Amino acid sequence: MDKVVLITGAATGLGRATALKLAAQGYRLSLVDYNEKDGQATADSVKELGAEVIFIKADVSREDDVKDYVTQTIKVFGTIDYFHNNAGIMIPFRLLHEYSSEEYDRLMNINLKGAFLGIKYVIPVMIENGGGTIVNTVSSNSFKPTAYNGVYAASKHALAGLTKSIGQDYQDLNIFAVGVAPNTMQTNISASAASTFTEEVGEKIAATTGPNIAATAEEIADVVIFAMNGAKTLNGSIVNCAGGQIYI
Ligand SMILES: NC(=O)c1ccc[n+]([C@@H]2O[C@H](COP(=O)([O-])OP(=O)(O)OC[C@H]3O[C@@H](n4cnc5c(N)ncnc54)[C@H](O)[C@@H]3O)[C@@H](O)[C@H]2O)c1
């Protein structure tokens, strides 16, 4: 296996789990994160599994950093076959009118603009390469918002829209996109949201999430790899990983 996979948000959680599974299958990996310590630790674990890997420190919301992670990947590996566009954050749970515009900008700049910039700079490489696959990490919040999560839900609805647009616009160029939508995935992403967590907020979030089976990052990583392999057929669709919670 000499295929090259670029993963953003590879320091922890889903990005790390996907990197380790792909390493075991012999893919060549370019790992991106702004968390240098944990990102380098993922790269070290990948190396121990015998795969070729580079780690690039980059903030996905900064255009120069995005250009740089694409350039560095091409310099080392020559191409990008698969792009797992995965980095994302949550912000404190609030009602929409309670969010500051700074919180809005921070979340949108990472979850949406960061994902857009990745797409913008990776697609020309894939065009040059004669094709490629993009797997965007979206969310059950791409279908329906959970309570007190409106800005995050807006970012993930929009990223689902970008996914569908790629599916529509690049078919003739052999470039495909799939959204993978975890629901309750056991990572630390919600730690930053917890500062405003109360019993009432928790009850409303549970009510709007509905009954579902939580997934580990490793289980969702299996779906990411399924999406990579099945991208031609799944092109433009969002794979609902809601564990029994159905969205229409
Ligand atoms: N955990 C869940 O329940 C859940 C549900 C639905 C969707 N998601 C999505 O899954 C993706 C992965 O999140 P996770 O749950 O593994 O959480 P996580 O916090 O473990 O992973 C997110 C990674 O993105 C990195 N990151 C954040 N901002 C960045 C930036 N500006 N530049 C570079 N790297 C940055 C973090 O350092 C981290 O390594 C996110 O897009 C998230 O929105 C998570």
Side-chain angles (χ1 to χ4, degrees), residues 6-21 30-43 45 55-70 83-91 93 103 105-119 134-146 149 151-160 162-163 179-194 205-206 208-209 212-221 223-224 227 238-243 245 247:
L6 170 62
I7 305 176
T8 64
T12 60
L14 178 59
R16 174 180 164 83
T18 305
L20 295 181
K21 280 183 183 276
S30 175
L31 307 180
V32 170
D33 210 289
Y34 64 4
N35 174 347
E36 188 168 17
K37 182 171 161 281
D38 292 333
Q40 194 54 61
T42 302
S45 303
F55 170 71
I56 303 157
K57 184 183 179 191
D59 180 338
V60 300
S61 68
R62 296 170 59 98
E63 190 157 359
D64 285 347
D65 283 19
V66 175
K67 280 188 208 167
D68 181 62
Y69 77 61
V70 171
F83 177 35
H84 184 198
N85 200 9
N86 168 72
I89 59 163
M90 290 184 76
I91 52 178
F93 298 116
E103 285 175 308
D105 285 345
R106 178 164 174 263
L107 185 130
M108 286 296 184
N109 281 339
I110 294 175
N111 288 13
L112 184 57
K113 187 177 168 201
F116 162 74
L117 289 172
I119 290 163
I134 298 171
V135 177
N136 291 322
T137 304
V138 294
S139 169
S140 53
N141 272 273
S142 298
F143 297 102
K144 173 189 167 300
T146 46
N149 215 6
V151 179
Y152 179 84
S155 74
K156 294 297 187 177
H157 271 71
L159 184 53
L162 297 184
T163 307
V180 168
N183 187 9
T184 309
M185 182 168 61
Q186 293 155 339
T187 69
N188 287 327
I189 194 170
S190 58
S192 57
I205 291 172
T208 49
T209 304
N212 72 95
I213 303 165
T216 63
E218 288 72 24
E219 286 167 331
I220 302 296
V223 181
V224 171
I238 309 297
V239 181
N240 183 8
C241 306
Q245 174 69 3
Y247 304 95

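None of the values given here were measured: they were computed from a predicted structure. Indexing begins at 1, ligand by ligand and atom by atom, following the structure's order.
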Using a 4.0 Å cut-off to any heavy atom of [X], which atoms of ligand 1 qualify?
X: G13; answer: 16 (O), 20 (O)
X: T12; answer: 18 (P), 19 (O), 20 (O), 21 (O), 38 (C), 39 (O)
X: I110; answer: 28 (N), 31 (N)
X: V138; answer: 6 (C), 7 (C)
X: G88; answer: 22 (C), 24 (O), 27 (C), 40 (C), 41 (O)
X: I89; answer: 27 (C), 28 (N)
X: L14; answer: 16 (O)
X: A11; answer: 39 (O)

May I ask whether [X] places a heavy atom under 4.0 Å from ligand 1?
X: A58; result: yes
X: N141; result: no
X: Q186; result: no

For [atom], closest protein heavy-atom neighbour:
atom: atom 42 (C) of ligand 1; answer: I189 CD1, 3.4 Å
atom: atom 39 (O) of ligand 1; answer: D33 OD2, 2.6 Å
atom: atom 14 (P) of ligand 1; answer: T187 OG1, 3.5 Å
atom: atom 40 (C) of ligand 1; answer: N86 O, 3.3 Å

The one among V180, N85, T8, D59 that brings a heavy atom closest to atom 31 (N) of ligand 1: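 Minimum heavy-atom distance to atom 31 (N) of ligand 1 goes to D59.
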Proximal candidate to atom 5 (C) of ligand 1 [heavy atom criterion; set N188, N111, L159, N183]: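 Nearest option to atom 5 (C) of ligand 1, by heavy atoms: N183.
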Pair [X]-[Y], side-chain donor/acceptor within less than 3.5 Å:
X: S61; Y: N109; result: no
X: T184; Y: N212; result: yes
X: N136; Y: T163; result: yes
X: H84; Y: T8; result: no

Heavy-atom pair with the smallest gap, counting every atom of S139 and Y152: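 Here S139 and Y152 meet closest at OG-CE2, 3.8 Å.
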For ligand 1, the portion of R16 having any non-hydrogen atom under 4.0 Å away: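 Neither; no heavy atom under 4.0 Å.
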